[in-house]
Amino acid sequence: MTELNKQQCEACQAGAPHVSDAELAELIKQIPDWSAHARDGIMQLERVFKFKNFKEAIAFTNRVGDMAETEGHHPALLTEWGKVTITWWTHKIKGLHKNDFICAAKTDALIN
Ligand SMILES: C[C@H](O)[C@H](O)[C@H]1CNC2=NC(N)=NC(=O)C2=N1
């Protein structure tokens, strides 16, 4: 099967199915540094990235932003001095779609 970070997001419609528990268990193995948790009842993927300073943190943030624009799928981004917290979920379905796992894998590929 094609590696997650080599796949492209699909256009996600309202009403699209959430990933099943079994699919989540399989997909999360490909992004082992990410956690899957519910926040306000919405399942999300989250990872904290550490950097030497703010300059590197904001540069990484901008690379992720460019990827999100390319994919048409967007994360929550918290950029701090030396740290970026990235959270992926699909707003339209208020949960996790395969797109979120693809974008998490693409995010990992943007680490210098
Ligand atoms: C119109 C636009 O394409 C949609 O609103 C996209 C934008 N980016 C998105 N990003 C995420 N994470 N979830 C969405 O449902 C979503 N929808």
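Both ligands and their constituent atoms are indexed starting at 1 by order of listing.
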query: side-chain contact (heavy atoms from CB on, under 4.5 Å) between Leu96 and His18: does it pass, once the steps are laid out?
result: CA-CA 5 Å; Leu96 287 177; His18 293 206; 5.9 Å; no

query: Is there a side-chain contact (heavy atoms from CB on, under 4.5 Å) between Val48 and Lys83 once you walk through the steps?
result: CA-CA 7 Å; Val48 176; Lys83 188 174 164 185; 3.6 Å; yes

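Shown here, atom 1 (C) of ligand 1 is out of close reach of the protein: none of its heavy atoms lies under 4.0 Å off.
With salt bridges taken as basic N to acidic carboxylate O contacts below 4.0 Å, none links Glu10 and Lys98.
Looking at ligand 1, you'll find an N or O of His74 within less than 3.5 Å of one of its N or O atoms. At under 3.5 Å, a nitrogen or oxygen of His91, whether backbone or side chain, sits near a nitrogen or oxygen of ligand 1.
When only non-hydrogen protein atoms are considered, atom 4 (C) of ligand 1 lies nearest to Lys92 NZ, 3.1 Å.
The NE2 atom of His73 sits 9.0 Å away from the NZ atom of Lys92 when rounded to the nearest 0.5 Å. Atoms CG and CD, from Leu4 and Gln7 in turn, are 5.5 Å apart once rounded to the nearest 0.5 Å.
Under 4.0 angstrom from ligand 1, the non-hydrogen atoms of Trp89 all belong to its backbone.
Look at Gly72 and you'll find a heavy atom under 4.0 Å from some atom of ligand 1.
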